[in-house]
Student: 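Dumping the structure here so I can ask a few things about it.
Just so it is clear, the structure is predicted and the values come from calculations on it, not from any experiment.
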Amino acid sequence: MENTDQAVPSPRTVRRSPAELCAAIRDDVILGVFAPGQRLTEDGLAERFGVSRMPVREALRMLAVEGFVRIAPYYGTFVAELSPDEAADLLEIRAVLEPLAAARAAHRRTEAHLEQLREVVREGRQAVFHGTLDRLPALNTRFHTILAEASGNTSLNSIVEQLRYKIAWVYAVELPRRAADSWTEHQLIVDALEQGDAELARAVMAEHIRQADAAYRVRNVP
């Protein structure tokens, strides 16, 4: 049966931009608050987020372009489904881009980058320890965003930026299986960056992605 239970009563209407709503709805899709195939209505989302329908309509258009929802004329708007093939494609792209970013970051990172990465790893491990797994996709995205910035390669950073939300979606799917191991691997990446060892950074990042790929594939074995 279709689930349209998306509304949470809001005490008043607030002003939020379409971009802010796009981010909020996207986060709910990534975290599974809205399930694949679930119908999203403008009225329901407007009530949930305490806004008018106009910015919701624009936010849904933005999400359709990003691939997080699909708009079926005369039928409605539905949460998209991340297929195993699409997830595998994203992980394959990561396997090329992020080891390169890690290798570059080993030579170009600043102490500020290292401090930010250490803090994200600390928060990630605390979230695993306390079982607050809903925090991890955003922290994971933050970790890989900082690392891409630390590479000092503007073009590479831009490409990773374009992919980060879809990659977070993949990460959220395999999260329960990989939570503790993933953050241990993040610490190994930071250790390699601290040492300034480009080949080690490349290798540990490649292994991190390989493990994520393996976990996703195991999850999707019939």
Student: How many angstroms lie between atom CD1 of Ile25 and atom CD1 of Ile30, to the nearest 0.5 angstrom?
Tutor: 12.0 Å
Student: Once rounded to the nearest 0.5 Å, what's the spacing between atom OG of Ser52 and atom CG of Leu21?
Tutor: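 Those atoms lie 8.5 Å apart.
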Student: Please report the shortest heavy-atom distance between Phe78 and Ala72, naming the atom on each side.
Tutor: CE1-CB, 4.3 Å
Student: Gln162: which residues meet the side chain to side chain donor-acceptor pair (under 3.5 Å) condition with it, sequence neighbours left out?
Tutor: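 Not a single residue meets the side chain to side chain donor-acceptor pair (under 3.5 Å) criterion with Gln162.
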Student: Would you say the side chain of Phe34 lies within less than 4.5 Å of the side chain of Val69, judging by non-hydrogen atoms?
Tutor: no
Student: Return the orientation label for the His144 and His186 ring planes: parallel under 30°, perpendicular over 60°, tilted otherwise.
Tutor: perpendicular
Student: Is Asp27 close to Val29 at the side-chain level, that is, under 4.5 Å between some pair of heavy atoms?
Tutor: no
Student: Are the side chains of Glu66 and Cys22 in touch, meaning some heavy atoms are under 4.5 Å apart?
Tutor: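 A side-chain contact under 4.5 Å exists here.
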Student: Provide the closest heavy-atom pair for Ile71 versus Ala64 in the form atom of the first, atom of the second, distance.
Tutor: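 Heavy atoms only, the tightest pair is CD1-CB, 3.9 Å.
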Student: For the hydrophobic clusters of this structure (ILVMFWY residues joined by side-chain heavy atoms under 4.5 Å, transitively), does one cluster hold both Val120 and Leu188?
Tutor: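 Looking at the clustering, Leu188 is in a separate group from Val120.
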Student: Quick check: closest heavy atoms across Arg16 and Ala24, and the distance to 0.1 Å?
Tutor: NH2-CB, 3.8 Å
Student: Could you give all pairs that pass the side chain to side chain donor-acceptor pair (under 3.5 Å) test and reach residues 70-79, with sequence neighbours left out?
Tutor: none
Student: Write down the atom of Leu193, the atom of Ala201, and the distance for their closest heavy-atom approach.
Tutor: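 Residues Leu193 and Ala201, closest heavy atoms: CD2-CB, 4.1 Å.
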Student: Please say yes or no: joined through hydrophobic side-chain contacts below 4.5 Å, possibly via intermediate residues, are Val33 and Val51 part of one cluster?
Tutor: yes
Student: Is there a donor-acceptor contact under 3.5 Å linking the side chains of Gln116 and Arg142?
Tutor: yes
Student: About how many Å separate CG of Asp28 and CG of Leu40, when rounded to the nearest 0.5 Å?
Tutor: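 Those atoms lie 9.5 Å apart.
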Student: Does any non-hydrogen side-chain atom of Glu185 lie less than 4.5 Å from one of Val204?
Tutor: no
Student: Working to the nearest 0.5 angstrom, can you tell me the gap between Ser182 OG and Gln187 CD?
Tutor: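 Output value for this atom pair is 12.0 Å.
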Student: Below 4.5 Å, heavy atoms only, C-beta onward: do Leu147 and Met205 meet side chain to side chain?
Tutor: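 Answer yes - side chains close enough.
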Student: Heavy-atom distance under 4.5 Å between the side chains of Leu45 and Leu60, does that happen here?
Tutor: yes
Student: When you group the ILVMFWY residues by side-chain heavy-atom contacts below 4.5 Å and let the links chain together, are Leu133 and Val121 in the same group?
Tutor: yes
Student: For the pair Lys166 and Glu86, evaluate salt bridge (Lys or Arg N to Asp or Glu O under 4.0 Å) and give the outcome as yes or no after the intermediate values.
Tutor: CA-CA 9 Å; Lys166 283 290 186 72; Glu86 185 178 5; 2.9 Å; yes
Student: CD of Glu92: more than 12 outside heavy atoms within 6.0 angstrom?
Tutor: no
Student: Which value, rounded to the nearest 0.5 Å, describes the distance between Arg125 atom CZ and Leu139 atom CG?
Tutor: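 Spacing of CZ (Arg125) from CG (Leu139) equals 13.5 Å.
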Student: Using modelled atom types and a 3.5 Å cut-off, is there a donor and acceptor pairing between side-chain atoms of His113 and backbone atoms of Thr110?
Tutor: yes
Student: Could you check whether Glu194 pairs with Arg118 (Lys NZ or Arg NE/NH1/NH2 to Asp/Glu carboxylate O, under 4.0 Å)?
Tutor: yes
Student: Does Trp169 form a side chain to side chain contact (heavy atoms under 4.5 Å, CB included) with Leu90? I'd like the steps, not just the answer.
Tutor: CA-CA 10 Å; Trp169 203 3; Leu90 287 165; over 6 Å; no
Student: Answer whether the closest heavy-atom distance between the side chains of Ile209 and Pro99 falls below 4.5 Å.
Tutor: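 Contact flag for Ile209/Pro99 side chains = yes.
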Student: How far apart are the closest heavy atoms of Leu136 and Ala179, and which atoms are they?
Tutor: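 Scanning both residues completely, I find the closest heavy atoms to be CD1-CB, 4.0 Å.
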Student: Please list all pairs passing the side chain to side chain donor-acceptor pair (under 3.5 Å) test where one or both residues lie in residues 145-161, with sequence neighbours left out.
Tutor: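 Residue pairs passing side chain to side chain donor-acceptor pair (under 3.5 Å), neighbours aside: Glu161-Arg164.
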Student: Nearest 0.5 Å, please: how far is CG in Leu100 from CZ in Arg94?
Tutor: 14.0 Å
Student: Looking at Arg53 and Ala46, would you say the former's side chain and the latter's main chain have a donor-acceptor pair under 3.5 Å?
Tutor: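 No: the side chain of Arg53 does not pair with the backbone of Ala46.
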Student: Which atoms form the tightest heavy-atom contact between Arg39 and Gly76, and what is the distance?
Tutor: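 Distance-wise, the nearest heavy atoms are NE-CA, 4.0 Å.
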Student: Given the rule in the side chain to side chain contact (heavy atoms under 4.5 Å, CB included) test, do Ile167 and Leu163 qualify, once you have shown the distances and angles that lead to the verdict?
Tutor: CA-CA 6 Å; Ile167 290 172; Leu163 295 173; 3.8 Å; yes
Student: Quick one, Leu117 with Phe143, criterion side chain to side chain contact (heavy atoms under 4.5 Å, CB included). Give me CA distance, side-chain angles, the key distance, then yes/no.
Tutor: CA-CA 6 Å; Leu117 289 168; Phe143 180 91; 3.7 Å; yes
Student: Ignoring hydrogens and angles, tell me if any N or O in the side chain of Gln38 forms a donor-acceptor pair with the backbone of Ala35 under 3.5 Å.
Tutor: yes
Student: Do Pro18 and Met62 touch side chain to side chain, with heavy atoms closer than 4.5 Å?
Tutor: yes
Student: Mind running side chain to side chain contact (heavy atoms under 4.5 Å, CB included) on Asp89 and Leu91 for me, showing each step along the way?
Tutor: CA-CA 5 Å; Asp89 288 345; Leu91 289 168; over 6 Å; no
